[in-house]
Number of protein chains: 2
Amino acid sequence: MTTVRRAKSSRPGVGREGGLATEVLGFVWRRKAVSRAEIARHTGRSRSTISEVVGRLLPTGLIEEVGSGESRGGRRPILIGFRDRASVILGVDIGAAHVSVALTDLRGRILEWREEDHPVRSDPQGTADLAVRLGEACLAARGNGVPTPMGIGVAVPSPVDPGSPYRILERILPAWHAFDLLGELRDHFQVPVFVDNDANLGALAEHHWGKAVGIDDFAYLKVATGIGAGLMIGGEIYRGATGVAGEIGHVAIDPRGPECVCGNRGCLATFVGTAPLLSRIRALLPQFPQSVLNGAAADIRALEDAALADDPLALKVVDEAARNLGIVIAGVLNLMNPGSVIVGGSLARLGDRLLVPLSEAVASRTLVASAAASRIRTSELGPRATALGAATHVLAAALADPRLFPGVSAS
Amino acid sequence: MTTVRRAKSSRPGVGREGGLATEVLGFVWRRKAVSRAEIARHTGRSRSTISEVVGRLLPTGLIEEVGSGESRGGRRPILIGFRDRASVILGVDIGAAHVSVALTDLRGRILEWREEDHPVRSDPQGTADLAVRLGEACLAARGNGVPTPMGIGVAVPSPVDPGSPYRILERILPAWHAFDLLGELRDHFQVPVFVDNDANLGALAEHHWGKAVGIDDFAYLKVATGIGAGLMIGGEIYRGATGVAGEIGHVAIDPRGPECVCGNRGCLATFVGTAPLLSRIRALLPQFPQSVLNGAAADIRALEDAALADDPLALKVVDEAARNLGIVIAGVLNLMNPGSVIVGGSLARLGDRLLVPLSEAVASRTLVASAAASRIRTSELGPRATALGAATHVLAAALADPRLFPGVSAS
DNA sequence: CCCACTTTGTTCGGCTACCGAACAAAGTGG
DNA sequence: CCACTTTGTTCGGTAGCCGAACAAAGTGGG
């Protein structure tokens, strides 16, 4: 029998591309100030090795020495910190009827914000021009020398095929057929451009900055013009075989329900989303003559405000939406057993007014075991979550492969 | 700007633990006969490196030179093959009312098979003793020197918590509380023991030997005493946060349906599974007096046989079951967008008699885009799939970390 | 204040994995 | 028969990482 030695201490799944430099950079990013010795302990490498890697990383400007820490009984450590200001990222949120752009630093702080309504569905070229204009405005507002972003992330309200991410939107928005939004942005700004579905990027934002920090398996639901879900599995966005994983808008929840544009009956999308919610308000208005929604602006924001003011009509509409969402979430829990479910988008502001009826609907349809394991919560990232997630995508890509950072050479 | 060199050719996700030896071993296993030069080309390493690794692997007995191949215009290559007979594996299938044991080689060929009915639910110790006895019988039957298996895989009809896989079955089978089945097997055979849920292992078997070869994202449904699903995502079994992912038995498909043991109403488990199917036959018998099921043995096998003989009652029961399964599968497609769906277990033998109504139910509940991408098929592995999957689990673990193979040292 | 002991960060020699160049062996086709 | 490929091996070199040793800078007890 041959001898069996111990495995070299290797923590699986820490860095996916590149080597030790990637791992160290990610670790410094997560722990905002950390000594070389501590990096060595946590990565399983020797102090000498870490010292050398840090020495190679310092001149890139991505990390810096930020003073000294407390002694643990010996010499005081020199703390290494991540330079959040080393570069900036543009996050673009293409909605169904608006474009928003965020300029962020490398820790997801939104430095500048621009948004504008636009008929996105019918005007691809105008949308691209608008995105460029808003992006330039964000960069120009930084003053003292217009910075070059390290990359641009784009969120689109449509599935993105992981196989050919550059052909997008065709199925949902016919006017966008063969229009190359990403190419326009890349040509103008001359930096790498990434795309993904808006719900997926919302999930990514929650994972980095929201309620899903530290949770690697969760589902994120987004209610907006339409409804979609972003699935994070093992810390990675899950897209499925053809990129339509999480497209829950057309799950049938009532076989006798109204007809849907997809051809089936009773899809979730016929109950929840901007249009069905507003039409439901109109249908119920006669029964609630004293509702504040009578005569108010017919938009989701008014519905939210009314519900927060405990307007009976608004609460009834929200309650119905919550129960319909609950049916679908119950299916998600039974099938995927996520560690957490986060509800974002339009209705997240409502907090318990949404969660209480939703949780009731879920509890009546799931095993105790899977329901108990999953906490259902509302997002707190607000309406900027999608653009923030788009920027986060660029950051995550760079942390996984630091050669994306400007001025970082391979190693 | 610092120079940016090309990445070292590294194919991500090939070997997960250990180094090049793991990668080479896995490659040789997949391609049954392959030259050193070809390994070098496919792994991106140099011929000299591969030559050295192969040289270290040969004396372990896991691979061997198996003759020479066709010349491609130069010297003829020496083909390297995997020695499927280098060791054997025991796969144990603990069912609800039976125990099956398979002895396999390293390519999933079943060399010996033993099975016996047993009141598994109520008798844990007897079940463990039976598994040991059947396992010993398999080994003894190999003749010329009883071999030592390299490991034992166990399939259990219950979720397995990835956090503490040794505490199992408690929720489903109270009599098994704190009984250590795995410890019994490990103590007796003195080899590593692995466990997983039966549906998960069925999916693993399909991935290696069945209809899912080459497909890394798919769902496997198993109909037996109960009903469960195994989800493969990115080539790995997905267990969810607490190990109950794929427990679809309690998805509610009819809010007005019969009460279920779980406390809800209209769960899939109240419609599909051994007990509900047999009870449905009994309920319909008066309407089908000339059915061959009248007076036949009341088990699933009789139902299958009758359906294959186009017995109207059997076809009606199967049709109903297929439509109920279809509802749940539609949910799986909408949410996970798998590349393929495979139906195994009791009803798989029925082929199109099951698939036609099932596909109809699915088509009426899914978007064209996700339904078109997913092929729904029946398994062909038959009733031995679960035990085979259990053995496959051991093999997969060893291929991912060859130090598990007897006589292989670290490196 | 002194001294034994820690912890940090660096230096340096050495090991291992891998590569590239060179080469012999064994084939191809003209 | 000869020019050219392809395979598999040998051998020197390189890069990444480690361990030992060491100086720097701290701790606490006497």
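Both backbone and side-chain heavy atoms feed into the values below; hydrogens, waters and symmetry mates do not. Numbers restart at 1 for each chain; the letters A, B, ... are given by sequence-line order, proteins then strands.
Here T49(A) reaches the OP1 or OP2 of dC18(D): one of its side-chain N or O atoms lies under 4.0 Å away. For the pair R56(A) and dA15(D), the criterion of a side-chain N or O lying under 4.0 Å from OP1 or OP2 is not met.
No side-chain heavy atom of L25(A) sits less than 4.5 Å from a side-chain heavy atom of W29(A).
Contact check on R83(B) versus E64(B) returns a salt bridge, with a Lys/Arg side-chain nitrogen under 4.0 Å from an Asp/Glu carboxylate oxygen. R107(A) and D105(A) are not joined by a salt bridge, as no carboxylate oxygen comes within less than 4.0 angstrom of a charged side-chain nitrogen.
Note on I78(A): only backbone sugar-phosphate atoms sit closer than 4.0 angstrom, heavy atoms only; bases stay farther off.
Between H207(B) and F218(B), the ring planes are parallel. Angles under 30° get that label, and only those over 60° would be called perpendicular.
Among the nucleotides dC18(D), dG9(C), dT8(C), the one closest to the side chain of R45(A) is dC18(D). The listed nucleotides are dC18(D), dG27(C), dA22(C); the one nearest the side chain of S71(B) is dG27(C). Comparing dG8(D), dC18(C), dT6(D) by their closest approach to the side chain of L20(B) singles out dC18(C). Nearest to the side-chain atoms of R75(B) among the listed nucleotides dA25(C), dC17(D), dG9(C) stands dA25(C).
R47(B) contributes a side-chain N or O that forms a donor-acceptor pair with the base of dG8(D) under 3.5 Å.
Note: CZ (R72(A)) to C1' (dG26(D)) measures 13 Å, nearest angstrom. Rounded to whole Å, atom P of dA15(D) lies 11 Å from atom CD of E52(A). The CD1-C1' distance, from I39(A) to dT7(C), rounds to 16 Å in whole Å. When the P atom of dG16(D) is taken as reference, atom CD1 of I50(A) falls 14 Å away, rounded to whole Å. Following rounding to the nearest Å, R76(B) (CZ) and dA25(C) (P) show an atom-to-atom distance of 18 Å. Regarding E70(A), its CD atom lies at a distance of 15 Å from the C1' atom of dT8(C), rounded to whole Å. When rounded to the nearest whole Å, the span between CG of L79(A) and P of dT7(C) equals 17 Å.
Pairing partner, dT14(D): dA17(C), with both Watson-Crick or wobble hydrogen-bond distances short of 3.5 Å. Using Watson-Crick or G-U wobble geometry with both donor-acceptor distances under 3.5 Å, dG27(C) finds its partner in dC4(D).
Side-chain N/O atoms of N200(A) and H393(A) include no donor and acceptor closer than 3.5 Å.
The residue among G74(A) and S46(A) whose nearest nucleotide of DNA chain D lies closer to the 5′ end is S46(A). Toward the 5' end of DNA chain C, the nearer of the two residues S48(A) and G73(B), judged by each one's closest nucleotide, is S48(A).
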